[in-house]
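In what follows, chains carry the letters A, B, and so on, assigned in the order in which the sequence lines appear, proteins first and then strands, with residues in each chain numbered from 1.
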2 protein chains.
Amino acid sequence: MKKKALDDYLCCMEAIEHDKRKCPTHISKDECISALLPVKDALDILSGKWKIQIILSLTFGKKRFKQILREIPGLTPKMLSKELKELEMNELVERKVYDTAPVTVEYELTPYGRTLKPLIGELHKWGSKHRKRIIARS
Amino acid sequence: MKKKALDDYLCCMEAIEHDKRKCPTHISKDECISALLPVKDALDILSGKWKIQIILSLTFGKKRFKQILREIPGLTPKMLSKELKELEMNELVERKVYDTAPVTVEYELTPYGRTLKPLIGELHKWGSKHRKRIIARS
DNA sequence: GTTATCAGTATACTTTAGGATACCGGTATA
DNA sequence: TATACCGGTATCCTAAAGTATACTGATAAC
C-alpha cells in the first residue's frame, strides 16, 4: 500500500461499486478506506480557523506569544494557545521557554513545519484560481 | 498581487512586525491579509467530513444518490445532500436529473472538479509522511 | 503607589457541524 | 394489498468549535 495508496483507494471504490471482494491491486475494503486517512489528517491539521495565519506568521522566524497576538487581529489568547498546542503536538512548531523574569516564551516553525510549504503553495494556487472563477461567475 | 500573493503575504507580515506601513513589494496590510484568503477557501471547500470521500467516489464516473450512500458507510442522506450541494455550488460536481419514474438523479465530477487532483495528491503525500512520523514517535 | 507587560488560564456563552430518526409521494415488485 | 426503492426533507438532538470577558503572579517602568 506504499506510495500509490490513493490510486489503490480509487481502484477499491470501483471494486466496491461492481461488487467485487477485492480490487485488482489486491487491497481489502478496510485497506481502501485507510488509504484516504492521510488526506483527512492533513486537512485536519491545517483547518483550524487561525492555523494557516499562525504558520505563515512564524515563517519569518521565532515569535513570542503576545507578538503573534498583536499581529493577527481578532485572535484571542485562548485560541492562540489552543492552536499553538496542536501545532506543537504535530511537531510543526517548537515552544521554547527562557528563564527570564517575566518568563519569555518563543514559538518557532520547525524544519519539519517548513515541509508544509509545497502543500500550502498548492492550496494557494488552487484557491486563487477558484476565487477568480467564482467572482467571475457573479 | 498576481501570482506571488503568498510571498507578498510573508513580506507583509515582516513589515507589520517591524512596524512599517508597507512592505517592499508595496502591498497594504489589507491586501496582505487577503493574500491568504485563497488558502482558506481551498481548505473550507475540502474540509467537510465526507467531502474527500465523496469526491474520490465520483472520480470513476457518475453515480446516483443512493449509490453513493451505500458505498460510504456511516454517511446519512442529510449529510450527503448537504455536501453535494456545496460541491455543486463550487462547480466541482454536476447534478443531472432525468425525467424517469421514479426520478433518476446522477452526480458527476466536473472537469473543473478534476483540477483538484494535484492538490489532493499533495495532501495525501504530506499526510502519509506525517502518519509515519507520528506513528514512529510512539 | 499605580500601571503595564509577560504568557497564558478560567468561566460562560453562542454558533456551527454533524448524527438519529422519521417521513414524503410516486412507482415497481411480490 | 403490502412492501421496497427512488431522492431526498424535517425535526430534534449532541458535540465540537469558536468568542467574550475577566483574571493570575511576578516584574519593570512611570
Side-chain angles (χ1 to χ4, degrees), chain A residues 17 19 33 36-37 39-55 57-58 61-90 93-109, chain B residues 17 19 33 36-37 40-55 57-58 61-90 93-108:
Chain A
E17 187 183 356
D19 207 20
I33 285 166
L36 62 76
L37 288 181
V39 183
K40 289 186 180 173
D41 287 349
L43 283 172
D44 283 350
I45 287 168
L46 294 179
S47 63
K49 184 168 178 187
W50 306 96
K51 291 261 166 59
I52 293 290
Q53 219 157 335
I54 292 167
I55 290 170
S57 134
L58 291 178
K62 53 185 80 170
K63 286 189 184 154
R64 300 174 63 172
F65 191 86
K66 288 275 177 180
Q67 197 176 358
I68 304 173
L69 218 50
R70 264 182 257 114
E71 212 177 81
I72 302 179
L75 178 55
T76 61
K78 183 188 163 184
M79 283 310 293
L80 177 55
S81 171
K82 188 191 154 210
E83 303 273 63
L84 282 172
K85 271 176 193 158
E86 289 169 11
L87 292 172
E88 209 192 334
M89 271 181 42
N90 285 307
V93 161
E94 194 186 356
R95 179 175 183 267
K96 285 182 188 162
V97 184
Y98 298 96
D99 192 16
T100 56
V103 64
T104 303
V105 180
E106 279 179 352
Y107 292 93
E108 189 174 8
L109 207 58
Chain B
E17 188 184 356
D19 208 20
I33 287 166
L36 61 78
L37 288 181
K40 288 186 181 173
D41 288 348
L43 282 172
D44 283 349
I45 287 168
L46 294 179
S47 63
K49 183 167 179 187
W50 306 96
K51 291 262 165 59
I52 294 289
Q53 218 156 337
I54 293 168
I55 290 171
S57 135
L58 291 177
K62 53 186 78 167
K63 285 188 184 155
R64 300 175 64 174
F65 190 87
K66 288 275 178 178
Q67 198 176 358
I68 304 173
L69 217 50
R70 263 183 259 113
E71 211 176 83
I72 302 179
L75 178 54
T76 61
K78 179 189 161 184
M79 284 310 293
L80 177 55
S81 172
K82 186 191 156 212
E83 303 273 63
L84 282 172
K85 271 177 193 157
E86 290 171 10
L87 292 172
E88 208 191 336
M89 273 181 39
N90 286 307
V93 160
E94 195 186 357
R95 180 176 183 267
K96 286 182 187 162
V97 184
Y98 299 96
D99 192 16
T100 55
V103 64
T104 303
V105 181
E106 278 179 352
Y107 292 92
E108 190 174 8

> Closest nucleotide of DNA chain C for A:T104 versus for B:M79: which of these residues is on the 5' side?
Replying inline: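 It is A:T104 whose nearest nucleotide is closer to the 5' end.
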
Expressed in angstrom and rounded to an integer, what is the separation of [X] atom [atom1] from [N] atom [atom2]?
| X | N | atom1 | atom2 | value |
| --- | --- | --- | --- | --- |
| B:K66 | D:dA4 | NZ | P | 13 Å |
| B:E71 | D:dG7 | CD | P | 14 Å |
| B:L75 | C:dG18 | CG | P | 11 Å |
| A:E106 | C:dC6 | CD | P | 13 Å |
| A:L84 | D:dG18 | CG | P | 14 Å |
| B:I68 | D:dC6 | CD1 | C1' | 14 Å |
| B:Y98 | D:dG8 | OH | P | 13 Å |
| A:F65 | C:dT5 | CZ | C1' | 13 Å |

Nearest to the side chain of [X], heavy atoms from C-beta on, is which of [options]?
| X | options | answer |
| --- | --- | --- |
| A:K82 | D:dA17, C:dG8, D:dC6 | D:dA17 |
| B:K49 | C:dG18, C:dT9, C:dC6 | C:dG18 |
| B:P102 | D:dG8, D:dC6, C:dG18 | D:dC6 |
| B:P77 | C:dA7, D:dG8, D:dG7 | D:dG8 |
| A:K85 | D:dG8, C:dG8, C:dT9 | C:dT9 |
| A:K78 | D:dG7, D:dT9, C:dA10 | C:dA10 |
| A:R95 | D:dG8, D:dT27, C:dA7 | C:dA7 |
| A:W50 | D:dG8, D:dT19, D:dT9 | D:dT19 |

> Is there a side chain to side chain contact (heavy atoms under 4.5 Å, CB included) between B:V97 and B:T104 once you walk through the steps?
Replying inline: CA-CA 6 Å; B:V97 184; B:T104 303; over 6 Å; no

> Checking A:S47 side chain against A:L43 main chain: does a donor-acceptor pair fall under 3.5 Å?
Replying inline: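 Pair found, side chain donor or acceptor close to backbone of A:L43.
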
> Quick one: which of A:R64, A:K63, A:K66 gives a salt bridge (charged side-chain N to carboxylate O under 4.0 Å, His left out) with A:E71?
Replying inline: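 It is A:K63; the other options fail the test.
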
> Contact class for B:T76 vs. all strands (heavy atom < 4.0 Å): base, sugar-phosphate, or nothing?
Replying inline: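 B:T76: no heavy atom of the nucleic acid under 4.0 Å.
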
>> Can you tell me which residue among B:Q67, B:K62, B:R95 is in a side-chain hydrogen bond (donor to acceptor under 3.5 Å, both in side chains) with B:Y107?
In response: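 It is B:R95; the other options fail the test.
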
> Looking only at side-chain N and O atoms, does A:R64 come under 4.0 Å of OP1 or OP2 in C:dA7?
Replying inline: yes

>> Looking at D:dC6, I'd like to know if its phosphate oxygens (OP1 or OP2) sit under 4.0 Å from a side-chain N or O belonging to B:R70.
In response: yes

> Does the pair B:E83/B:K51 count as a salt bridge with the N-to-O cut at 4.0 Å?
Replying inline: yes

